[in-house]
Amino acid sequence: MLVTSEALPLAKTGGLGDAVSGLTRALRDAHVDATIFMPAYESAMDAACDLVQVAELPGLIGGDATVWAGWVADSEIPVLLLRNDDLYMRPGNPYLDERGKEFPDNGIRFAALAQATKRISVADTPIRVPHVVHAHDWHAALAPLYLHAAGAKRPKTVLTIHNLAFQGLFPMRLADDLGIPHAYRGSDGAEFWGNLSFMKAGLRYADRLTTVSASYAREILTPQFGHGLDGVLRERAHELHAIPNGIDTEVWDPGSDPFLPEHFTVLDMRGKVRNKLEMQRAFGLPTDPEAPLLAMGSRLTSQKMADLAVEVFPSLLAAHPRLQIAVLGCGEPAIEESMRALARRHPRHVGVHIGYDEARGHLLHAGADMLLHGSRFEPFGLTPIYSMRYGTVPIASRVGGLADSIVGLPADPEAEVGTATGILFDGDTTADMLAAVERALETFAQPQRWSAMQKNGMTTHFGWEASAAQYVELYRMLAPVAPVGAPMVAPRPEAASAPVAATMRKRA
Ligand code: ADP
Ligand code: GLC
């Protein structure tokens, strides 16, 4: 049972949503009965089908709740939704209200998810008990604590760290309401500088920890990247596994992506230019197939060096009169405003779309020539991989998953492109970022070298299969004698007779 706050298309604010649903699908393809358990947000209720109520959870934290079982629409992915409309049916996104303010009761909202996980896992509901509870990020990270406190007869737990910067910190006085036993409230438990830390609870009490790239797994053991939790992680380093994410190669395929005006493949790249023209139009830029088009598509936060990009863009535009820049994102209001101001000042060269827009995200990866993706830290980093799939060369920081998944162009401008798929840079000064984009623009002016990098990226395999196999191995280690039983979510009536055929249909 994968416990999460996000899973595409039920709810998504970032890479967590892609990662959880991508993994679940891959696990199911590997014949694991993987089921997603998440809050019944309005978007989740809308994107699920064949929902039936399967359990009542009276007296749950935050109020009486129910659990609904169903399927992610148009997929073979089963889902359990925790329903408490007061907690989860709200305008905004999973964490913020419409004005971008955090919901004041997020501690209650996600503790309820964790406590429901525990109750399902100790057979307190008619739902079949999972063999392994796999919690994702802080939103689910209290589940290992509750299960640890529940005693010996419980499923084993895994916590995957997608981003250590978000920890779920709440005043310790909430511990009573959340039913956190006193023995779990100390600094050797879930306490973090006087607060209650959901993430730390997970780091302490999950049977195994994983994170989403080998480099990030090493980095978070250091004070520079550990966000104050490196000490806790070092104590558990031998139980911390690095399992990289994959991407959903069906959703992100330039040869069939329904969001693109024209498809293309590595063997026939002609269609890419049409995407570029369409993207220029969509961002209000003059259509020009030759102008270098640099995209940025991510949360506009300091993690993503969006503050630095704002400073670097004017110098780039001054030095490169044909350069076009397109930005898609939302995040810190000050950065959003600076991006808008840039677009106002350079209307023919900078196009900015503030907001979250899945369709535009696909077009951006397909239409751009290069993707600027600076990161002060990056657990995995899905967007540069999407860009590589679409022949858009990433310019990215040499940190975390980016350092693992992008092969950097050699610094020597005379050196062969070799296996390079992008441009990696160190540091976080304007000079560092500027120099990296300059290198990209120089290489872009050399069509053969550029095209070699595009092709290298497009032919690298980033599918989920190998990573899913590593999770399966981990689950096997934790639940070696798991009996095969009924699935956690009953098959859909029409699919009941032919689940295998349905899977084969998808593969075909
Ligand atoms: P993170 O999870 O740290 O934000 P990732 O690169 O791993 O970074 O994942 C980000 C995901 O969110 C990608 O699927 C990306 O396409 C998507 N995304 C981010 N911002 C936007 C946006 N403004 N509109 C559409 N998709 C976005
Ligand atoms: C987080 C990280 C990102 C990662 C994603 C999925 O949001 O910031 O690097 O790709 O989770 O694991």
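Order of listing sets the numbers, starting from 1, for every ligand and every atom in it.
Scanning the protein heavy atoms around atom 15 (C) of ligand 1, the nearest turns out to be T383 CG2, 3.4 Å. Here the heavy atom of the protein found nearest to atom 2 (C) of ligand 2 is H162 O, 3.2 Å. Looking only at protein heavy atoms, the nearest one to atom 25 (C) of ligand 1 is D357 O, 3.3 Å.
Looking at R90 and D97, no side-chain N of the basic residue comes within less than 4.0 Å of a carboxylate O on the acidic one, giving no salt bridge. At a threshold of 4.0 Å, the pair R398-D432 does not count as salt-bridged, since none of the basic side-chain nitrogens sits closer than that to a carboxylate oxygen.
By the criterion of a heavy-atom distance under 4.0 Å, the side chain of Y386, and not its backbone, is placed next to ligand 1. At a 4.0 Å heavy-atom cut-off, ligand 1 touches D18 through the side chain alone. The side chain of K12, and not its backbone, has at least one atom closer than 4.0 Å to an atom of ligand 1 (non-hydrogen atoms only; side chain from C-beta on). When non-hydrogen atoms are compared, ligand 1 lies under 4.0 Å from neither the backbone nor the side chain of H162.
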**Asked** Please walk me through it: do F166 and H139 pass ring-ring contact (aromatic ring centres under 6.0 Å, His included)?
**Response** CA-CA 9 Å; F166 300 102; H139 325 105; 8.2 Å; no
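Residue contact check: G381 has heavy atoms under 4.0 Å from atoms 3 (C), 4 (C), 9 (O), 10 (O) of ligand 2. Counting the atoms of ligand 2 from 1 in the order shown, those under 4.0 Å from a heavy atom of Q303 are 8 (O). Shown in contact with G15 at under 4.0 Å from a heavy atom are these atoms of ligand 1, numbered in order with element: 1 (P), 2 (O), 7 (O), 9 (O), 10 (C), 11 (C).
A donor-acceptor pair shorter than 3.5 Å cannot be found between the side chains of N195 and Q167.
Taking all heavy atoms of N163, V212, I247, N245 into account, the minimum distance to atom 7 (O) of ligand 2 is reached by N163.
Ring geometry for Y475 versus H134: interplanar angle over 60°, hence perpendicular rather than tilted (30 to 60°).
A pairwise comparison of heavy atoms in A114 and A143 identifies CB-N, 3.3 Å as the closest pair.
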